[in-house]
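What follows is a single structure, written as structure tokens, with notes after it.
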Protein chains: 2
Amino acid sequence: MGRVDDLSMFRGPNVAVDIAVLTVVPAPLSGTGLSQLAVLVEQPDFVADGTVLPGRFLREGQTVAQAVADALHVKAGLVGLDVLPRLLRVFDDPGRDPRGWTLSLGHAVSVAFEHLEGARGQLAHVDGQGAADAGSPLLFDHDVIVREAAEGMRARYELEPDPDGLFGVGFTLAELRDLHEGVLGQQLRKDTFNRRMVEQLRPQTRSDGTPVLRTRGGRPAQVYLRQPRPGVPPASRRRLVLPRETN
Amino acid sequence: MGRVDDLSMFRGPNVAVDIAVLTVVPAPLSGTGLSQLAVLVEQPDFVADGTVLPGRFLREGQTVAQAVADALHVKAGLVGLDVLPRLLRVFDDPGRDPRGWTLSLGHAVSVAFEHLEGARGQLAHVDGQGAADAGSPLLFDHDVIVREAAEGMRARYELEPDPDGLFGVGFTLAELRDLHEGVLGQQLRKDTFNRRMVEQLRPQTRSDGTPVLRTRGGRPAQVYLRQPRPGVPPASRRRLVLPRETN
DNA sequence: TTAATAGTGTCTATAAGACAATATATA
DNA sequence: TATATATTGTCTTATAGACACTATTAA
């Protein structure tokens with residue numbers, strides 16, 4: 001930031017936030033029998049054929065996070081979620097909005113499917129390439145936002161158990177794997193997946209020390225909780241950094 | 001983006017770009033005998049004791065990349081670099097600038113040390129925690145920008161050879177390791193480092209097929225080029241994703 | 001009982017960590 | 001020659017991949 005005493009010499013752009021609300025549709029509801037990554041879209045009233053992400057202009061005195069929360073409230077009818085918007089990129093083409101100079105801050109948020117119950121809009125399936133299959137094409141740069149949002153979420157879900165916290169409470173390894181397969185859009189190896197994840201989880205126990213179990217048609221499974229300590233590096237990812245002074 | 005016909009009802013914020021210009025000071029010049037990560041800072045004229053990153057307000061009709069290029073030109077005297085600004089985060093606290101409503105888009109760019117020859121400002125060493133050791137404290141949120149810029153660059157330099165392209169031409173594995181050790185602020189294991197990197201590099205040869213070598217006081221070393229194909233996944237990072245339908 | 005799911009154990013292949021040995025330049 | 005750096009090879013260890021086997025529920 002430079003030294004400019006009179007800011008009024010600059011006319012700032014209108015700044016919008018556009019949000020890819022990502023969720024995982026549970027297997028029984030997805031139609032395919034598998035959990036599926038999906039994004040919340042809506043049909044705007046100002047075009048006949050087109051789909052957009054929820055978005056909103058930033059008001060003075062607001063933070064970006066507040067504008068995101070407002071957009072989710074006003075556009076999607078979602079209230080009271082405490083989400084962590086992740087900034088993806090800025091769309092800054094000076095001619096991108098014919099109505100005037102606007103910037104758009106593309107964001108991603110991950111929301112548990114249950115919290116999208118009363119939401120307005122539709123859930124569009126996100127395919128392996130990050131393309132949303134809404135009925136009509138995504139307008140503006142919104143396809144890019146969805147693709148980058150999906151890419152980021154997939155990268156996060158490859159090494160850590162449910163890093164976005166879509167499970168509110170405990171979960172079994174099978175439920176966790178369903179979730180991860182939905183996010184990644186790929187099947188995962190059960191044994192390797194379990195080995196990687198177990199070491200980052202804590203088995204849930206009752207106060208008397210007995211394990212909390214959950215059954216799904218077979219042998220009951222241990223229920224796990226995310227470790228309270230975040231940022232534990234997955235053991236599998238060896239680092240080049242030297243622990244000592246050697247060489 | 002919603003449907004708003006009259007944009008003039010919104011008064012947009014002033015939008016600034018602030019840039020962490022990262023470079024690696026070669027070992028002979030750093031004073032420590034090791035290559036060192038550094039960031040370009042300047043002493044602003046409006047405070048007695050404080051340091052800032054180069055920055056500039058976005059003008060109408062400009063893209064963010066153009067504003068970054070302008071800032072590097074006007075503030076640091078750098079012309080003609082084609083840099084790739086990486087967006088790090090938005091600083092959006094409504095009260096962060098007493099002069100009025102401003103947003104700042106924190107960016108990182110990586111620039112080869114040779115290109116900073118005629119630059120205004122000083123190079124501040126960036127330590128292992130991402131803290132810049134300028135003589136005086138970094139003002140505003142600029143310490144956060146430097147930290148996140150360094151984090152991102154370090155993550156990139158752990159698995160791939162010189163992903164930011166600080167070497168313009170060919171390099172030996174020893175030179176590459178010096179560079180990576182400077183970025184990471186850590187010594188690296190020579191053998192493992194070489195194994196990882198060689199498979200992502202192409203040995204430089206003359207038209208007659210003889211290898212290009214370079215000597216540094218001992219046996220001459222092969223000169224390598226980055227593979228023209230970017231985005232080659234490092235072989236070491238095994239993935240969970242199934243190649244087949246199994247499990 | 002059978003079917004379905006959960007969990008454990010084991011063998012193999014691959015890559016990292018550690019270190020030794022050899023090669024080729026300069027002083 | 002001695003010294004410095006580069007390069008190759010090998011042994012050990014850790015983890016992924018593959019698969020078999022046991023365990024515990026419901027129907």
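Lettering of chains follows the sequences in order, A, B, ..., and the numbering in each one begins at 1.
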I'd like to check the side chain to side chain donor-acceptor pair (under 3.5 Å) partners of A/Glu175; sequence neighbours left out, ordered by chain and number.
A/Arg214
So, does A/Thr215 get its side chain near the phosphate of D/dT25, meaning an N or O under 4.0 Å from OP1 or OP2?
no
Are [X] and [Y] ion-paired here, with the side-chain N under 4.0 Å from a carboxylate O?
| X | Y | answer |
| --- | --- | --- |
| A/Asp164 | A/Arg86 | yes |
| B/Glu181 | B/Arg177 | yes |
| A/Asp178 | A/Arg216 | yes |

Between [N] atom [atom2] and [X] atom [atom1], what is the distance in whole Å?
| X | N | atom1 | atom2 | answer |
| --- | --- | --- | --- | --- |
| A/Arg214 | D/dA26 | CZ | P | 15 Å |
| A/Leu176 | C/dG7 | CG | P | 12 Å |
| B/Arg216 | C/dA27 | CZ | P | 15 Å |
| B/Met197 | C/dA16 | CE | P | 10 Å |

Checking side-chain hydrogen bond (donor to acceptor under 3.5 Å, both in side chains) for the pair B/Thr51/B/Glu42: CA distance, chi angles, key distance, verdict?
CA-CA 6 Å; B/Thr51 307; B/Glu42 58 188 39; over 6 Å; no
B/Gly218 or A/Gly217: which one's nearest nucleotide on DNA chain C is closer to the 5' end?
A/Gly217
Would you tabulate the pairs of protein nitrogen or oxygen atoms and nucleotide nitrogen or oxygen atoms of nucleotides 7-10 of chain D closer than 3.5 angstrom?
from: D/dT7; atom 1: OP1; to: B/Gln222; atom 2: N; distance (Å): 2.7

Test item: B/Arg154 side-chain N/O and B/Val183 main-chain N/O as donor-acceptor pair under 3.5 Å
yes
